[in-house]
Amino acid sequence: MYTHDKDADVKFWAGNIVVAEAAVAAGCNFFGGYPITPSSEVAAHMAYLLPKHGGHFIQMEDEIGAMGSVIGASLAGAKAMTATSGPGFSLKLENMGFGYMVEAPCVIVNVMRGGPSTGLPTHPAQADVMQARWGTHGDHSTIAIAPAFHQETYMETIRAFNLAERLRMPVILLLDEVLGHLSEGVVPPKPGSFEIWDRPRPNLKKGETYYPYDTTNGDIPPFIPYFEGHNWHTTGLNHDKTGFPTTDPATVDADERRMIRKVLDNRDIIDKVEWFMADDAEIGVFSFGSTARAAMVAVKQAREKGIKAGLMRPVTIWPFPKDQVYKFAKQVKSMVVAEFNLGQLVYEVERSAKYELPVKRVLKTGGVPITPAEILQGIEEVA
Amino acid sequence: MYTHDKDADVKFWAGNIVVAEAAVAAGCNFFGGYPITPSSEVAAHMAYLLPKHGGHFIQMEDEIGAMGSVIGASLAGAKAMTATSGPGFSLKLENMGFGYMVEAPCVIVNVMRGGPSTGLPTHPAQADVMQARWGTHGDHSTIAIAPAFHQETYMETIRAFNLAERLRMPVILLLDEVLGHLSEGVVPPKPGSFEIWDRPRPNLKKGETYYPYDTTNGDIPPFIPYFEGHNWHTTGLNHDKTGFPTTDPATVDADERRMIRKVLDNRDIIDKVEWFMADDAEIGVFSFGSTARAAMVAVKQAREKGIKAGLMRPVTIWPFPKDQVYKFAKQVKSMVVAEFNLGQLVYEVERSAKYELPVKRVLKTGGVPITPAEILQGIEEVA
Amino acid sequence: MAFDYFKYLRKEKLPHMWCPGCGIGIVLKAMIRAFDDLQWEPADIAVVSGIGCTSRSPGYLNANTLHTTHGRAASFATGIKMHRPDKHVVVISGDGDASAIGGNHLIHAARRNIDLTYIVNNNNIYGMTGGQYSPTTPLGAKAATAPYGNLEPSFNLASLLIGAGATYVARAHVGNGRQMSKLFRDGFNHKGFSFIEVVSNCHTQFGRRNRMADPMNMIKWIGDRATPLKKWESMNEDDKAMNFPVGVLHHDKNQPEYTDTYDALIAKLKQSA
Amino acid sequence: MAFDYFKYLRKEKLPHMWCPGCGIGIVLKAMIRAFDDLQWEPADIAVVSGIGCTSRSPGYLNANTLHTTHGRAASFATGIKMHRPDKHVVVISGDGDASAIGGNHLIHAARRNIDLTYIVNNNNIYGMTGGQYSPTTPLGAKAATAPYGNLEPSFNLASLLIGAGATYVARAHVGNGRQMSKLFRDGFNHKGFSFIEVVSNCHTQFGRRNRMADPMNMIKWIGDRATPLKKWESMNEDDKAMNFPVGVLHHDKNQPEYTDTYDALIAKLKQSA
Amino acid sequence: MHYETRFSAVGGQGIILAGTIIADASHLQGLYAAGSPTYTAQVRGGPTKVDVVLDNEPILFPRAANINFFLSLATRSYNMFAKDLEPDVTIVIDPNLTTVPDEHRKKYTIYDVPIIQLTADKMGRMVYTSAVALGTWVALANVIDEELIRAALKRRAPKGTETYNMKALSIGIDYIKELQDAGKVKA
Amino acid sequence: MHYETRFSAVGGQGIILAGTIIADASHLQGLYAAGSPTYTAQVRGGPTKVDVVLDNEPILFPRAANINFFLSLATRSYNMFAKDLEPDVTIVIDPNLTTVPDEHRKKYTIYDVPIIQLTADKMGRMVYTSAVALGTWVALANVIDEELIRAALKRRAPKGTETYNMKALSIGIDYIKELQDAGKVKA
Amino acid sequence: MSDQYPLKGTSKRKGITIEIDEVMCKGCNVCVEVCPVDALDMEGIGSRWQGYLAVIKDIEACTGCLLCELQCPDFAISVTVPDKKKKAAAAK
Amino acid sequence: MSDQYPLKGTSKRKGITIEIDEVMCKGCNVCVEVCPVDALDMEGIGSRWQGYLAVIKDIEACTGCLLCELQCPDFAISVTVPDKKKKAAAAK
Ligand SMILES: Cc1ncc(C[n+]2csc(CCOP(=O)(O)OP(=O)(O)O)c2C)c(N)n1
Ligand SMILES: Cc1ncc(C[n+]2csc(CCOP(=O)(O)OP(=O)(O)O)c2C)c(N)n1
Ligand code: SF4
Ligand code: SF4
Ligand code: SF4
Ligand code: SF4
Ligand code: SF4
Ligand code: SF4
Ligand SMILES: [Mg+2]
Ligand SMILES: [Mg+2]
């Protein structure tokens, strides 16, 4: 919930515009995209903004190429972004996996729509959240952020870029059609009033060899872009610290574990959960993104009816805030999970709860968002 | 574990050959593929077998096209298959979602290799199992089968085709490089000695209109291929029973739930779990596919050491056998989950157990399969 | 008697979803007339599309119709044709669907010389998604993602297809439905891969941004530049660049068709078995 | 002094992984000689590849090198070039990588006329995955997935690229490293998209199945058919079909290069701001 | 203060802009606004709508739940979007293009405003339809100051069309005012 | 009965075929077999191996765990695959192409068989290398009847090469027999 | 719904029938513009689409060239020519 | 390791040096086949690759045409021509 000073310079923007504006504010200077409803305005606005800021926009021939161009630009030093929706997100997955493997910082926006397949292109859903975690083949960690308000979207877009840079990896920003096309007020913070991070650079002595995956000083290998004289190599094959392929089982196993660890060990800067009336809650509501806004209304209404409901709203949904869910589950009598899909994060909630707590699912698909009334009903059922 | 009659006509085949042979035995008459290690021999053998049987093989320009051709052929009436590995599986996901949406029977083979990205192309892994479940965008059910022995692979390939036909949906067959390239004996059953199912046809009266998604008689809409005079339409957009797009929220919601239900309500023909020394087990081992073979050895060795270990080996891994895990978890003191990845089905095991049972993870990546000794060590740690 | 379009139409689905004056309707009509010319039965025709305004066409046609994923129509069509080589398989899609995301399937279907007819309604824009530039948007034209004018050179689709090995390549335009229909008919008749580009109007997304918001403005703008091949060939380079040739641009009747080749193999193996 | 290849090589990675006699090594050498001719510094060069035997080339080159996913090299290269238009970006990949799965990125990079040089080592087969037929495998040739001989007509890559709008298109062959190097150099020098096909040998996967298991057999089979463009043009149709032209097949120096166009826009907006 | 507006039409980009203008203006009045269009790029010639929710508190649930003002320019859009309306809704329709079920006439307060005719007759170009429609809203909803709406409309209108848009707005406002003066509408 | 064999070489398809032949033959002898090649299509000229596990019980864990017989035709393949060997392993190497660490010479029983030279000298074509190698296995491993190996080899050999393959097999067997006769190898 | 001009008519001279389907017609103006003899016109208000509808202005002028029918994107206008003429035209 | 012929040599007449790197050479036979004057040869046993290695058979015959070097896929053979001749050849 964000309140705006009457005198503030409030922009009445669609969520997709917010993402584009915030990306440029975060230093994004490359966008490779391919239009798809309901994300297209992100691309259109980047096409408008970037050349004005000396950055490069390109509309690629498809989403696969868009993802490829983003990683290429990233390795050449760009802060790069792409934006898409369900079908395009599915297509990007192979190259996203490449991004994880070569540890290329970048931001991937998915403005979720109804699915599977072409589904309901102009209607919202929150049904790509498990895909965001598990979509590409092989083991990997995921960072995915799902803001709920435009002001938050602005700040979280910046944070997505910062996390991508700090952890040297792709970061996923999940919106949905509700937010992408919703116009509401946002007050862009002044440049300089927020942090901007760049990927860590190594402290090389003169003439010292640069190893693109050198982890002597921590799990996040420092980065020097192409064309700075280090002539380094990288590949989607498993590689050692030099970036060249290896099939040594121990090296590969260690490296894959490191890439997962670099996320799990940095949860302090990744995790973000918002709580709403949760302190004394007896009925725990779990919801995220646009649906969480309905959940906030439902929680307020429940309280008005004397039910002590409270909301846990993860902003970072991957890595999943399992410890917080566990604690919340211990605190409350029962839980309500409201998500605009047919059951995805509820599995994680159940897993994290670790015991047989009644978990009421308020799930839905079909294009019309979950209403406060539907969540309230769920709350009342388990109250 | 399969024993062979000495007089039986034992074939010493690689697992990939077994899949191709069994597919043709199951009635497969179309294969659309694109080569990728370690699945390529499936395609090569189909290219050899199909024209001899009057079927059609095509090597498409990429995996996306391969998946498209398979669904096209399926709608025209073919029993169709494709085979791939990690990167190709990632690429197929969008069209797989289309397959779920239009309810096109077909079989997708993924011979898993090390990942993510290009990873370890010539080495095994079991790291695409969560992807199999959640890889494509949007809500959907998944059937995925992971056999462990070549004889089982033969029979399960046939079952995969049968399930695809009976439930009118894509079915995933998960092998890994160990099995795909392992040569071991298999005795192909005699034609006629096993069931072959065809997709259900409707009982139309003369002149009656055919609706491709008519569910008046159950969740699985009967099917008439193209070109039989019914001139029907279908689309990846959400559609009603006529196959034409609809955005009616109730219709869409109901249809998406139906497609999930048709799997969950037919678990009697889908589910398959093999148990090994599990009846009196106190330490429950959970493993699948090629890793389960190491687990069997480990269980035997544990028993020799006086530890009452037992193995639950799901052959059908999706839908996940959560009730069986729950029962098994209640029976045993602790569990060992052995999978050749960095933690995937163990999440499902934890969720299904529903309480804080000690779960030891024997996880690995890097190309060298988990050994019996490693699992035994895991067993001993929690014994 | 008036021509009966409804044999090939799903009447209950009409009026169609397209904007008033959209060229896709003209293409649909020409297709139907060509089907009728050849007396193809609806039951023997499959019409496959990708995603886009144009790709909604199959829904209106009384045939075996398939609305697939964006850009992939040719691959689905290939599967259908391979399994049923005895049937007629037609693909219809937009310039973006066919030549942006779908470019690869398009050129490979052409290369194989598989007996599909691929019709592209080239309106030089992504109509459905709101007017982003496509691989055929003219240099300098405005589009949702080209606010400063399009910077990308565009494909000459016919040249691309000829380069890819298509054995029948023609170009029609929305200003002349009669010629279009004839070119469709010839393409349908051609045994092998046939490609027909229809230069078309999306006044809503392209026209509105480029001073041609009225359908007839755009149709005329197209028609004025459409020049019969022979005449176009005799033009000087400047005029050539300003205009575009229509008609049959390439026709090679002597190449083996792919499903024929395949079925000959099946027959051979059967014989030797 | 002997020519020093090692300025552009990662010596410690040699000997390379390719089969004895594999043409890829000849291509690599010719690339290095062309780099040297132009005095390009390793630090200013990016070499990008997809997946395949050929695509392992970047690993041996002392430059900024990127081994991407199968078929997608051009898109990664496009991102690199867009962000650093001042640098040299070269793509090298196999026939399968470039023209099967990667066909779309290839033709679109050509269409945009972005200043990349795209080298295809066309050995008419999927070498790395074990000899499946590729879009350039000759009709009738045996392959792992063509046990009865290949049924699919093949691409003429140069024609495809010319059709797609490439502004420099050349063809070399492994039998003539000197000419190859010269064509590479010209392609590198060309401002815009340049495409050089090298007709090459994979005796291991193609040759073995087609009675040319020995590298020199295949190299000779290729060399015998390679004909200078002028001479080839004067041949009769039969001879044309039996042989293939080598040299510069198409060169248009007058088209605007894409990053130039883009950066002109940036400059213009800066000025008007 | 909480006010929900729905504009609907067939294939109309204009009404979406009208919604944006209300939201813009609401800021100037210190209100929070949330605008949700049906996404029309995929709905050529199909029914479209835009919902604008206004509140003096930050808006949590941004979708309309209890519509106060509903405007429809076509029967198809009416049928699609005149659902779940509460009895206290104010409805404006163009009677030439919209046929309203009798029961609705009984249940709801419906104003017949020949918006298209007015636009055609007085403006000559149909692009001003939505400004005329917006005028009826200004007069009937009476939640945002007319001058603030004019300011917002000016800012969003394509260059050169500002005065025409002002005129079109007045046409809508005046038509309602006349009805009000004639006692046919509660002011 | 449980016997594990590993053949290794550089870039060799032949040794993989040799493994398959052992497995084929083992069936004829009522054994179970599991053969696991390194997948060579991606390892041009690189070290390759094939493991064949034989057992009289159905084989659960199909990978080699305790190798009884190890053959290497090249130093690179030796170095890569001569890992985790148990002291009782029997090793055959081609001394012209394989350099073995001294400690291995001490730890293991190693037979030097100039397989390449034998093939070159006696067969003239290098394609028969693996049949010669297989011959050494037949004689040394002594777990499968020679005739069954011959039958399997005949079936898998490319048409027209059967007799040459038989001859090559004999060369390998005879070389070991000679060594055995000369007392240099335990029979 | 049309005020002045009809949606259906048959010419006396040539017996040509033109029929406009008011449900289908979207008032796009294409037929009006392509008619070489100005036989058609647009009329305001009445279409469900954008306020226009095609109407027959001068049935007697119609030559039966079929252009309006072929170019109408909406299957909204049909022209029936009594004699062989039409067949010939269609076959072209 | 070569038995009869050397891996390195300089011709007396022209001062051309040929050098074969035995670690790099895979014995593919390409250089031998392309040499117009038959100056090179293959020798059995000894390569780490497939049992062959290129060797210099007749250094005096070498014309310095560079073909062997340009065509060797393995950076295994180098030819140094003392005078400008080489530069000219390379530039072609
Ligand atoms: C994988 C995927 N990417 C993007 C889209 C979004 N999309 C739908 S249609 C379309 C382009 C339509 O343009 P065109 O093919 O020219 O058809 P038109 O609408 O102009 O007829 C796009 C980009 C999609 N549906 N799926
Ligand atoms: C998405 C994906 N599909 C398939 C593969 C498997 N694959 C690797 S290389 C290759 C083809 C190689 O052929 P080519 O590009 O001609 O290169 P060559 O090896 O002949 O040089 C294939 C199909 C892959 N790695 N990724
Ligand atoms: S948006 Fe363009 S292509 Fe789509 S229906 Fe309208 S005019 Fe036709
Ligand atoms: S398999 Fe073919 S392409 Fe690959 S290295 Fe060997 S010869 Fe070269
Ligand atoms: S048939 Fe020809 S003349 Fe008659 S109305 Fe139509 S366009 Fe005009
Ligand atoms: S062309 Fe068709 S839709 Fe357009 S105005 Fe004429 S009859 Fe109506
Ligand atoms: S330089 Fe020329 S002549 Fe000399 S050895 Fe090499 S190929 Fe033969
Ligand atoms: S060409 Fe090179 S690798 Fe081949 S034999 Fe000659 S020197 Fe050796
Ligand atoms: Mg288009
Ligand atoms: Mg190749």
Side-chain angles (χ1 to χ4, degrees), chain B residues 29-32 34 47-80 82 94-99 101-102 104 106 212 224-237 239 242-245, chain C residues 8 10 12-13 17 41-49 51 55-56 58-89 101 104-105 107-109 111-112 114 258-259 262-263 265-270 272-273:
Chain B
N29 52 6
F30 182 87
F31 184 95
Y34 188 79
Y48 166 75
L49 288 177
L50 276 178
K52 296 219 279 185
H53 289 80
H56 292 84
F57 167 91
I58 190 164
Q59 184 176 298
M60 292 295 285
E61 48 277 10
D62 59 22
E63 287 89 348
I64 301 173
M67 192 68 232
S69 72
V70 159
I71 297 172
S74 170
L75 297 176
K79 289 196 181 179
T82 188
E94 193 208 0
N95 275 348
M96 272 177 65
F98 183 85
M101 189 62 117
V102 302
C106 58
I224 301 180
Y226 278 164
F227 306 121
E228 295 199 11
H230 295 283
N231 302 351
W232 52 277
H233 179 72
T234 192
T235 170
L237 290 161
H239 41 251
T242 67
F244 286 89
Chain C
Y8 296 98
R10 293 176 171 132
E12 71 282 7
K13 299 289 164 196
M17 58 163 294
E41 282 308 308
D44 297 332
I45 307 170
V47 186
V48 186
S49 69
I51 300 285
S55 292
R56 287 301 194 96
Y60 302 108
L61 285 166
N62 180 35
N64 304 280
T65 54
L66 182 58
H67 178 228
T68 72
T69 47
H70 189 34
R72 318 301 175 187
S75 67
F76 288 82
T78 298
I80 294 173
K81 182 74 188 178
M82 285 292 282
H83 188 64
R84 292 304 300 268
D86 53 324
K87 301 298 177 184
H88 313 299
V89 185
I101 193 168
N104 210 30
H105 310 298
I107 59 178
H108 282 275
R111 171 180 61 79
R112 285 189 195 100
I114 185 165
Y258 185 63
T259 62
Y262 199 100
D263 286 349
L265 170 67
I266 292 179
K268 199 182 100 187
L269 291 173
K270 193 172 252 166
S272 67

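Values in this document were obtained by computation on a predicted structure and should not be read as measured data. Below, read A as the first sequence line, B as the second, and so on, with proteins coming before strands; counting in each chain starts at 1.
Note that OG1 of C:Thr68 is 7.0 Å distant from CG of B:Asn95, once rounded to the nearest 0.5 Å. Separating the CD1 atom in B:Ile58 from the OG1 atom in C:Thr259 is a distance of 10.0 Å, to the nearest 0.5 Å. Atom-to-atom distance recorded for C:His67:NE2 and B:His239:NE2 is 12.0 Å, nearest 0.5 angstrom. Of the inter-residue distances, the one linking B:Met67 atom CE with C:Arg72 atom CZ reads 13.0 Å to the nearest 0.5 angstrom. B:Thr242 contributes atom OG1, which lies 9.0 Å from atom CZ of C:Arg10 (distance to the nearest 0.5 angstrom).
For a residue to count as touching a neighbouring chain, one of its non-hydrogen atoms must lie under 4.5 Å from one of that chain's; by this rule B:Pro225 does not touch chain C. Looking at C:Ile107, there are no atoms closer than 4.5 Å to chain B (heavy atoms on both sides), in backbone or side chain. Contact of C:Asn62 with chain B is made through backbone and side chain together, with heavy-atom distances under 4.5 Å. Contact annotation for C:Lys268: neither backbone nor side-chain heavy atoms come within less than 4.5 Å of a heavy atom of chain B. Contacts between C:Leu66 and chain B at a heavy-atom distance below 4.5 Å involve backbone atoms as well as side-chain atoms. Residue contact with chain B, scored on non-hydrogen atoms closer than 4.5 Å, is absent for C:Ala273.
Of the listed residues (C:Asn104, C:Val89, C:Val47, C:Asn64), the one with the most heavy-atom contacts under 4.5 Å to chain B is C:Asn64. The residue among B:Gly77, B:Gly32, B:Ser74 with the most heavy atom pairs within less than 4.5 Å of chain C is B:Gly77. Interface summary for chain C: among B:Ala66, B:Gly243, B:Gly54, the most heavy-atom pairs under 4.5 angstrom belong to B:Gly54.
Among residues two or more places apart in sequence or in another chain, the side chain to side chain contact (heavy atoms under 4.5 Å, CB included) test is passed with B:Ala76 by B:Phe227, C:Ile80, C:His83, C:Arg84.
Contact annotation: the side chain of B:His56 approaches that of C:Asp263 to within less than 4.5 Å [non-hydrogen atoms, C-beta and beyond]. Taking 4.5 Å as the limit, every side-chain heavy atom of C:Thr69 sits out of range of all side-chain heavy atoms of B:Met101. Contact check for C:Met82 versus B:Ser69: no side-chain heavy atoms found under the 4.5 Å cut-off.
Closest approach of B:Lys52 and C:Leu269 over heavy atoms only: N-CD1, 3.8 Å. The shortest heavy-atom contact between B:Gly68 and C:Ser75 is CA-OG, 3.6 Å. Of all heavy-atom pairs spanning B:Gly229 and C:Ala43, the tightest one is CA-CB, 3.7 Å. Minimum heavy-atom separation, C:Ile266 to B:Gly55: CD1-O, 3.6 Å. When all heavy atoms are compared, the tightest approach of B:Pro51 to C:Tyr262 is CD-OH, 3.5 Å.
Under a cutoff of 6.0 Å and an axis angle of 45°, C:Lys87 and B:Tyr226 do not form a cation-pi pair.
Note on ring orientation: taking the six-membered ring where Trp is involved, the planes of B:Phe98 and C:Phe76 are perpendicular (angle over 60°, cut-offs 30° and 60°).
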Evaluation steps, side-chain contact (heavy atoms from CB on, under 4.5 Å), between C:Arg56 and B:Leu237: CA-CA 11 Å; C:Arg56 287 301 194 96; B:Leu237 290 161; 3.3 Å; yes
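Evaluation of the salt bridge (Lys or Arg N to Asp or Glu O under 4.0 Å) test over residues 55-68 of chain B, restricted to residues two or more places apart or in two chains, returns B:Glu61-C:Arg112.
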